[in-house]
Amino acid sequence: MKRFTPSEIEPKWQKIWADDERYRAPDESDKPKYYVTGMFPYPSGAGMHTGHFFEHSIVDAVARYKRATGHNVMYPMGWDAFGLPAENYAIKTGTAPAVSTEQNIANFTNQLQRVGASIDWSREITTSHPDYYRWTQWVFTKFYERGLAYQKEASQWWCPVDKTVLANEQVEDGKCWRCGSEVEKKSMKQWFFKITDYADALLEETPALNWPEKIKTAQTNWIGKSDGIIYKNKVRDTDLEIESFSAHFEAFTANTFVVIAPDHPFLPALVDGVDNADEILAAAKEMVIKRDSEGPGSLANVEGIFTGRNAIDIFGDEDLPIWIANYALADYGTGIVLCSAHDERDFEFAQKYGIRLKPTMVPIDPIEAEKVKNLEYCFTDMADGVLIEPKAFEGKIAGSHRQEIVKYLEHEGYATSTIKYKMRDWLISRQRYWGAPIPVIHCEKDGAVTVPEKDLPVLLPEVEDYEPKGESVLASQHEWVNTTCPTCGGPAKRETDTMDGYACSSWYLLRYTDPQNDQAAWAPEKAKYWTPIDMYVGGDHAVAHLLYVRFWNHVFYDMGLVPTKEPVGQLVYHGLIQAEDGRKMSKSLGNVVDPLEVIDAGYGADALRTFELFLGPINENSNWSSKGIAGVHRFLNRVWTITQEYMEAEKGDGENTELTALQHKTIKKVTRDIERLSFNTAIAALMEYVNDLYKLKTSGFSNEWQAPIESLVQMVQPFAPHLAAELWQQLGHDGQLDFEAWPTWDEARTVADTITVVVQVNGKVRAKLEVAADASEDSVKEAALAEENVQKFIGDKKPTKVIYVPGRLVSVVVK
RNA sequence: GCGCGGGUGGUGGAAUUGGUAGACACGAGGGACUUAAAAUCCCUUGACCUAAACAGUCGUGCGGGUUCAAGUCCCGCCCCGCGCACCA
């Protein structure tokens with residue numbers, strides 16, 4: 001008998017698959033299309049780790065299952081190749097990022113081939129290649145034309161170590177996401193994409209997405225829509241007017257003071273003419289620095305500076321003193337807030353600085369209401385709070401009169417309703433070399449002009465020194481920088497910032513549909529066939545990437561380039577495979593498991609893949625186990641052995657309904673489990689199947705075993721494709737297993753002749769009995785009551801009720 | 001603080017609409033084969049009680065409840081993980 005040797009069969013089949021280009025997906029087919037892939041990786045120098053392998057074990061299992069069930073499957077692969085690590089490596093070693101990136105890609109590619117991933121390599125893309133970023137730049141110019149790309153002077157997060165601007169989501173706890181150093185604020189001219197224009201459109205589509213709830217919630221919160229109102233108040237002794245936003249305006253007459261953000265652009269004008277204006281501005285500046293370095297403060301450390309100005313109360317009450325407060329944000333709402341006794345921070349702030357407070361909403365309980373009136377605590381419960389003024393709303397529940405209050409405020413001319421979002425526009429410029437150059441030329445006469453399509457790509461020039469010096473390395477490439485204006489032909493300079501890597505990854509799923517197109521980013525009819533992607537698998541990026549792909553696709557939809565607003569159908573979010581010690585795998589902890597070492601140790605890629613899926617549910621974290629993989633290898637070996645034994649055995653004729661029931665039952669279970677991505681239980685079902693086949697084989701093989709053995713090989717294919725291909729061939733098939741039909745089950749044959757029925761007396765199991773599968777209800781009940789142990793517990797009482805759950809149990813109730 | 005998950009044997013985890021809790025696997029123990037070991041094959045393995053049981057008791061974070069029947073549903077708690085967090 002041949003031995004199971006992964007190190008022989010795996011390279012054999014990998015070569016066959018590569019030579020045949022077997023997994024190349026045609027752009028048209030009679031079969032339904034199925035587009036699936038994982039989030040393309042950044043090709044780091046460390047190579048693929050077990051986590052990457054995990055993602056591809058999932059994607060490949062799905063791709064292979066879908067192929068077997070008659071789909072035209074596209075499983076493409078690409079590289080998110082622009083980014084800081086390659087550039088930092090270049091700064092350290094002098095190796096051009098283009099060179100080190102290619103090496104890393106070669107390494108990743110080899111690793112993916114070694115696991116037998118059924119990738120359509122003809123669609124491979126690399127974001128740092130000019131034939132790709134040419135179209136990233138093209139998208140930029142289109143966005144610019146549509147008013148979705150713009151430049152503005154802005155105070156931005158700046159990493160002093162990486163010497164680059166960072167997007168909000170690249171700042172974690174006041175530290176740079178890459179190097180971990182403290183970030184600071186710096187004002188500079190930056191490019192933005194106007195994602196806020198699509199806030200509502202994105203929000204509207206979110207609930208219907210077939211995505212994990214937690215990601216949908218995260219995105220909804222990130223967009224952070226709130227409807228509220230805008231007040232306008234005149235500033236006493238000046239011609240100035242301030243605007244403030246309020247989303248919790250129910251107790252609107254409670255406002256007794258105003259706060260403004262310390263970095264608000266309006267602040268200098270506001271304090272102009274106040275005696276100690278300079279001191280105030282200096283203190284405000286200090287407040288900004290302190291806030292930026294210490295991060296957001298807590299309730300307990302609200303701080304303020306009086307501006308010396310007062311706003312005139314629109315409701316005709318006393319003036320509202322205007323304070324600078326550290327908790328007011330310049331870039332949310334209008335940066336100015338009317339404050340009241342019904343907000344915890346405002347309350348805290350007023351108490352600290354002795355500012356007048358006037359509660360106008362109280363609890364129903366009169367004792368509690370008195371406490372609120374006496375400012376013993378801050379009452380914020382809009383849902384249950386009773387308004388005590390103004391007259392028009394006296395005695396009404398604040399929360400349930402929101403709309404009436406808005407109407408009232410608008411009608412009386414006190415305020416206008418509006419909508420605000422937490423989400424800011426997407427800052428995309430980076431003062432970095434290793435990215436796609438922003439395709440803009442600055443001309444003295446014509447201003448910022450985008451590079452015409454015929455002149456794209458704006459190639460990234462080769463440089464000698466990668467060390468950034470406060471601006472992009474590109475700024476020192478004078479020959480590259482100095483150019484002519486495409487509009488007037490006069491001398492002009494190129495934009496030296498490059499685009500955020502997220503720009504490159506925001507459209508790559510579309511490029512996969514038409515990767516070699518040199519006339520367009522993609523042909524709309526290709527996108528029409530392939531998109532939206534049916535399944536997108538990843539374990540990272542709750543908001544950033546997953547919101548940006550949606551944003552871009554919405555724009556492309558408006559441009560008529562894609563068939564649907566949303567780019568991603570089902571999103572599958574997987575957990576991490578952690579180290580055996582339960583910690584995250586990391587080089588510094590020395591607990592990283594190298595997938596190729598596992599393969600080379602003799603377990604093979606099939607065992608590695610199967611084991612990763614067997615560890616637990618894919619959406620949860622699990623821990624690597626070196627013992628566990630041995631168990632899975634044992635299972636695959638048993639699949640191999642029983643198939644060999646079957647092929648070599650002398651086979652008689654014979655019927656075995658138990659065997660057939662087993663086969664059909666397992667096909668049903670495995671198919672359903674794969675459909676719901678419950679791979680661990682699908683594999684467990686296959687293990688159970690093999691264990692049962694081992695028991696049945698003790699009474700000899702017959703010709704009737706052919707179908708059960710073939711089903712086993714077919715079902716094992718998505719997990720252990722090399723083993724399955726080899727066995728399929730040995731079983732005498734010429735065809736390609738990947739495209740053979742998935743085994744189907746016949747419901748009628750999933751049930752054996754006899755079934756086990758449990759008998760409960762007062763909810764406790766007292767007996768089990770074997771009955772014919774087609775036994776009548778009455779006969780089962782009768783047999784159940786006749787059981788000795790059942791009789792023992794019934795005693796001389798009479799059953800008050802006998803319940804029969806078909807095929808499962810009989811429940812006897814005795815009182 | 002807000003949001004989303006989750007607490008089941010020594011371990012990872014099953015139990016799809018309430019219907020035999022612990023599938024499958026690891027680990028552990030025993031046996032077969034072998035000069036021996038590895039590999040392989042077979043058996044046992046929630047706790048308690050028991051000489052043993054296909055006899056019984058308990059058992060899915062804690063306390064109540066609904067039901068013939070609850071890991072699953074309801075009410076009230078405790079704990080853990082993750083994400084977001086000065087958004088007026």
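Quick note on labels: first sequence line is chain A, next is B, and so on, each numbered from 1. Computed from a predicted model, the values in this text were never measured in an experiment.
Across all strands, A/L329 comes closer than 4.0 Å to base atoms (heavy-atom distances). Within 4.0 Å of A/S678, counting heavy atoms only, lies no atom of the nucleic acid at all. Across all strands shown, A/G333 has no heavy atoms under 4.0 Å from either base or sugar-phosphate atoms. Residue contacts for A/Y573: at a heavy-atom cut-off of 4.0 Å it reaches no nucleic acid atom on any strand shown. Here A/S625 lies out of heavy-atom contact (under 4.0 Å) with every strand. Within the nucleic acid shown, A/N619 has no heavy atom closer than 4.0 Å to any nucleic acid atom. Contacts of A/A325 with the nucleic acid, taken as non-hydrogen atoms under 4.0 Å apart, are absent. Among the atoms of the strands shown, only primed sugar atoms or phosphate atoms (P, OP1, OP2) are found under 4.0 Å from some heavy atom of A/S246. Residue A/G335 is in base contact, counting any heavy-atom pair closer than 4.0 Å across all strands shown. A/K669 comes within 4.0 angstrom of a nucleotide base, judged by non-hydrogen atoms across all strands.
Between B/rA25 and B/rC78, the distance separating the two P atoms is 40 Å to the nearest Å. Annotation: B/rA88 and B/rC74 have their P atoms spaced 31 Å apart (nearest Å). Look at the P atom in both B/rC2 and B/rA14: the space between them is 30 Å, to the nearest Å. For the P atoms, the distance from B/rG64 to B/rU60 is 12 Å, rounded to whole Å. Comparing the P positions of B/rA38 and B/rC33 gives a spacing of 15 Å, expressed to the nearest Å. With C1' as the reference atom, B/rG18 and B/rC68 are 12 Å apart, rounded to whole Å.
Judged by the 6.0 Å and 45° rule, A/K352 forms no cation-pi pair with A/F349. With A/W222 as the aromatic partner, A/R550 does not meet the cation-pi criteria of under 6.0 angstrom to the ring centre and within 45 degrees of the ring axis.
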List the steps and the verdict of ring-ring contact (aromatic ring centres under 6.0 Å, His included) for A/F315 and A/F252. CA-CA 9 Å; A/F315 304 111; A/F252 59 98; 5.3 Å; yes
Stepwise side-chain hydrogen bond (donor to acceptor under 3.5 Å, both in side chains) check, A/Y421 with A/D200: CA-CA 9 Å; A/Y421 301 91; A/D200 253 331; 2.8 Å; yes
Run the side-chain hydrogen bond (donor to acceptor under 3.5 Å, both in side chains) check on A/E612 and A/S57 step by step: do they pass? CA-CA 7 Å; A/E612 288 193 331; A/S57 297; 3.2 Å; yes
Assess whether side-chain hydrogen bond (donor to acceptor under 3.5 Å, both in side chains) is satisfied between A/D346 and A/S340, documenting all intermediate values. CA-CA 6 Å; A/D346 298 347; A/S340 76; 4.8 Å; no
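Ranking B/rC68, B/rA88, B/rC24 by closeness to the A/F614 side chain, first place goes to B/rC24. Listed candidates were B/rU20, B/rA25, B/rA15. Nearest to the side chain of A/T681 is B/rA15. Distances from the side chain of A/K792 to the nucleotides B/rG19, B/rA55, B/rU16 place B/rA55 closest. For A/M687, the listed nucleotide lying nearest its side chain is B/rC24; candidates were B/rC86, B/rC68, B/rC24. Nearest nucleotide to the side chain of A/F793, out of B/rG56, B/rC68, B/rA88: B/rG56. Here the side chain of A/L809 is nearest to one of B/rG56, B/rU20, B/rG13, namely B/rU20. Comparing B/rU20, B/rG56, B/rC24 by their nearest atom to the side chain of A/R766 picks out B/rG56.
Paired runs in RNA chain B that reach 3 or more consecutive Watson-Crick or G-U pairs, where each pair keeps both distances under 3.5 Å, cover B:1-7 with B:78-84, B:10-12 with B:24-26, B:27-32 with B:40-45, B:46-48 with B:56-58, B:61-65 with B:73-77.
Taking only side-chain nitrogens and oxygens, A/T217 never comes nearer than 4.0 Å to OP1 or OP2 of B/rC84. Phosphate contact (OP1/OP2 of B/rG83, side-chain N/O of A/K214, threshold under 4.0 Å): absent. Contact annotation: A/N621 side-chain N/O to B/rG12 OP1/OP2 distance is not under 4.0 Å. Under 4.0 angstrom from either OP1 or OP2 of B/rG83 there lies no side-chain N or O belonging to A/N221.
For A/R345 against B/rC87, no side-chain N or O and base N or O form a donor-acceptor pair under 3.5 Å.
Glycosidic conformation of B/rG9: syn, with the torsion inside 90° of 0.
Relative ring orientation between A/F611 and A/W624 is described as perpendicular, the plane-to-plane angle rising above 60° on a 0-90° scale split at 30° and 60°.
Here the straight-line distance linking atom CG of A/L723 with atom CZ of A/F635 works out to 8.5 Å at 0.5 Å rounding. Rounded to the nearest 0.5 angstrom, A/I322 CD1 and A/L270 CG are separated by 5.0 Å.
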Reading nucleotides 41-50 of chain B 5' to 3', which nucleotides get B (base under 4.0 Å from a protein heavy atom), which S (sugar-phosphate only), which -? SS--------
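Where A/K627 and A/N623 each meet RNA chain B at their nearest nucleotide, the meeting point lying more 5' is that of A/N623. Residue-to-nucleotide proximity on RNA chain B shows that, of A/P617 and A/E213, the 5′-proximal contact is made by A/E213.
Checked by atom type, the side-chain pair A/Q663/A/S711 shows a donor-acceptor distance below 3.5 Å. With hydrogens and angles left out, the side-chain atoms of A/Y332 and A/S226 include a donor and acceptor closer than 3.5 Å.
Here the P atom of nucleotide B/rU20 and the NZ atom of A/K764 are 15 Å apart, to the nearest Å.
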